[in-house]
Amino acid sequence: MRISATFLDEISHDIPHQNWGRREWDADFAHMKAIGIDTVVLIRCGYRDWLTYPSASLVNGAHAFEPPVDLVRMFLDLSEEHAMRFFFGLYDSGRYWVNREYRKEIEVNRRVIDEAWNAYGGSPAFSGWYLSQECSRNVDGIAELYAELGTECKSISGGLPVMISPYIDGPKALGQDDPRTSREGGVSVAMHEREWDSIFSTIRGSVDIVAFQDGHVGFHELPAFLHVNKRLADRHGLSCWTNCETFDRDMPIKFLPIKWEKLLLKLRAAANAGIRDAITFEFSHFMSPQSAYLQAGHLYNRYREYLESLTGA
Amino acid sequence: MRISATFLDEISHDIPHQNWGRREWDADFAHMKAIGIDTVVLIRCGYRDWLTYPSASLVNGAHAFEPPVDLVRMFLDLSEEHAMRFFFGLYDSGRYWVNREYRKEIEVNRRVIDEAWNAYGGSPAFSGWYLSQECSRNVDGIAELYAELGTECKSISGGLPVMISPYIDGPKALGQDDPRTSREGGVSVAMHEREWDSIFSTIRGSVDIVAFQDGHVGFHELPAFLHVNKRLADRHGLSCWTNCETFDRDMPIKFLPIKWEKLLLKLRAAANAGIRDAITFEFSHFMSPQSAYLQAGHLYNRYREYLESLTGA
Amino acid sequence: MRISATFLDEISHDIPHQNWGRREWDADFAHMKAIGIDTVVLIRCGYRDWLTYPSASLVNGAHAFEPPVDLVRMFLDLSEEHAMRFFFGLYDSGRYWVNREYRKEIEVNRRVIDEAWNAYGGSPAFSGWYLSQECSRNVDGIAELYAELGTECKSISGGLPVMISPYIDGPKALGQDDPRTSREGGVSVAMHEREWDSIFSTIRGSVDIVAFQDGHVGFHELPAFLHVNKRLADRHGLSCWTNCETFDRDMPIKFLPIKWEKLLLKLRAAANAGIRDAITFEFSHFMSPQSAYLQAGHLYNRYREYLESLTGA
């Protein structure tokens, strides 16, 4: 089991920014490539007022700030130089879909899809789309939002693949402001299966890849969820990846790099569930040799040793 | 718009200490100078039991601990070597003025002012004073505290300038223990203007420079407050600086360096309000190439590129 | 007063992992040795599901995870190479003893003691035991737990020394999820003395070293507690160390390295109480030149300067 993809955490909700320029990003793509990562997924092109590219529709229509750098262009160029695939993440208003005004979230993103494809669709590295609205439960309308946005992405781009990365509503699904690392309760495996069976039946054909986040449930409980995720995805013809998180949800500092043992355990659990592909959230803060968190560089080294052990075996 | 001053965060409330010795501080002053910072402002000479200099009055009278190093002397010497101006920050009891026993806060600081001027007033780098009691609203007695302490500082030192750095009572004005990054409500622009008009009318003549902290309101709301701050300061003959914070108040880790884009946006907003001078809180943790937070070094590089772009233009 | 011992924080509750391999640990032991540390104490051999060594009894009996590396073996080997003494920390179920099911906690640890001594007792570096159940108050049964486990450790190992490291139930004794850094109240010195007099009378003969954590009370209150700790230990024939914490409990980030001034003050307070030996929690995150927290390396340098000043004096 290898990690072949990573999110690019621009724009972030809750992870402090590293203030890298093009030189650092270039080096980071090289570090990714050296461990077999060939796909980068922009987690979102914008969040509320912050943008990764100069979007006329969002600056004018959603009073977002004009960004100082066109990160999408930079990431596409770097992807091309490093022979990586780039997936474009849609805009997360942080408002409409949280308040379940899905129609508005869809409308603002229709303009973004159009804009993005016109501006960047010509890049040979533009390889897919990511729907940035993260959910865990089958709340009314969320599946239709995925279906409609996914269809829009695919139709404008000649069928490029569309990815989502939901989370499991487990004990570690906590608000950003919550000082705890865990809560009582959480969704049961059966309820999770029922709800996602329903969601998948709605989004099949519009979404190609589903990569559940693997950090919201206990380590003993994870395998059961992974098996359900894989079975459901197979049933509905979706490709099932794991989003193997490289940050540690069990610590009071939210968030620093995960302990290697935990990462290894999650990768093996995904492999045991028959999953073949892993994306991580995310390389540059939590796994990169040049991360501001020096634990990340050591995680990188541990992961390299693991890769060597696979080859040796 | 350039940052020409920084606070020195000794003693800190809430930012972990870097444990630098004289060598590291010397290097930091050189890093500051290289980007045009010519003024350093000691945020406070003492907080509760912790001191930056061996104060007989505070060790004996306020049971503070005798510090292992005389940081004030070291900062003055380094300021002289690097041709910087040093402002001395008063003592923050953390008790009296929080409980609005302003008379006691004034008395303890009268002794500190006397002591500091006697010990350090001969240094050619001693260039001003900073009143360390931070407030946001016109609570009874706070303006008089500023006026009385400012007058005392000026009269003992032959009129050296006195600075304050209030905050705006905005949505991000939260207690140190609050796990949230934002709250509902916050002062309105009109109320802010009314209260500070009143405070300024009391402190004019006793305080020379007001540098409002720029991090407690949303980025879209900041310009209106900056304009009010400048207009009020002009009206009352105070010099209006911006305290352009270099740490990020929007993140769960309290606190790490700010995203360059946000810093740039705040600097431009201050320039648009007609403000000419910026101090930051603070260089050594959040902007220094040798900060323990490596994001700070990248922020330094982004800021240098910005300076070069100004020169080039 | 010198620090001659450190805990090894594997497995951690609340301190993010550094992901070191053998090379980094080897270097860290050398860094320790260079400042006079000759004893390393494994804080616990396992916590809940996470283990430092492949324990058949815990993997099979407590559904713990098989660890990827035998850290106990590695630490013993490194201890031997660096001429250090290694203390083995018992298993902390995180369940039984928290729920006061002491009998279960004892039973699971009887098997661990047996297992550990069989596997590692032959190492010349194996020099003692650490009872990992941390307590502060004389709750029913805790003294008996210490006595029974301590006796077991000593009897199987030919009387090797047994250490505990309790905490003082002071204002900074807060749950991991508590965003505050301090609370009202806390145990009085008199009550602390009464309760620990009782505990010591039960554990004497079974426990050899008591190293109270020094970070849960205010800096002005610490000396009184240190004197009580020393007097009580002397009365009951225990060796009294101080556990001089090298992380800062007063900061919102939980936890980063402590300010040197605070560490110095605590070391001197312990010396003044007649205490001769200090262990720290812990070197590798908070005091090591290769820590991910760069403040730690500066703390190391400040401590070295202090050692030099002792030698010079």
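Excluded from the calculations below are hydrogen atoms, water molecules and symmetry mates; all remaining heavy atoms, backbone and side chain alike, are included. Per chain, numbering begins at 1; letters A, B, ... match sequence-line order. All values derive from a computational prediction rather than experimental measurement.
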Interchain contact, A/Pro252 with chain B, by part (heavy-atom threshold 4.5 Å)
neither
Whether A/Trp50 and B/Phe219 hold their rings parallel, tilted or perpendicular, with breakpoints at 30° and 60°:
perpendicular
About how many Å separate CE of B/Met251 and CD of A/Gln176, when rounded to the nearest 0.5 Å?
7.5 Å
Whatever's closer than 4.5 Å to a heavy atom in chain B on A/Leu294 counts as side chain
Quick one, B/His220 and A/Asp49 - any side-chain contact, counting heavy atoms below 4.5 Å?
yes
Residue part contacting chain A, namely of B/Leu299, when any heavy atom lies under 4.5 Å:
both
Could you tell me whether the side chain of A/Tyr293 reaches within less than 4.5 Å of the side chain of B/Gln295, counting heavy atoms only?
yes
What part of B/Ile253 is in contact with chain A, defined as an atom under 4.5 angstrom from a non-hydrogen atom: side chain, backbone, both or neither?
both
Nearest atoms (heavy-atom pairs only) where A/Trp20 meets B/Arg302:
C-NH1, 3.4 Å
With a 4.5 Å cut-off on side-chain heavy atoms, are A/His13 and B/Asp250 touching?
no
Using a cut-off of under 4.5 Å on heavy-atom pairs, state which of A/Lys254, A/His63, A/Gln290 scores highest against chain B.
A/His63
Under 4.5 Å, heavy atom to heavy atom, which residues of residues 23-30 of chain A contact chain B?
A/Glu24
Using a 4.5 Å cut-off on heavy atoms from C-beta on, say whether the side chain of B/Leu264 contacts that of A/Pro68.
yes
Working to the nearest 0.5 Å, report the span between CD1 of B/Ile258 and CG of A/Asn19.
9.0 Å
Should we say atom CZ of A/Arg22 is surrounded by more than 12 heavy atoms from elsewhere, each under 6.0 Å from it?
yes
With a 4.5 Å heavy-atom cut-off, do A/Asp178 and B/Arg180 have their side chains touching?
no
Just so I know, are the side chains of A/Glu10 and B/Lys259 near enough to count as touching, which here means a heavy-atom distance under 4.5 Å?
yes
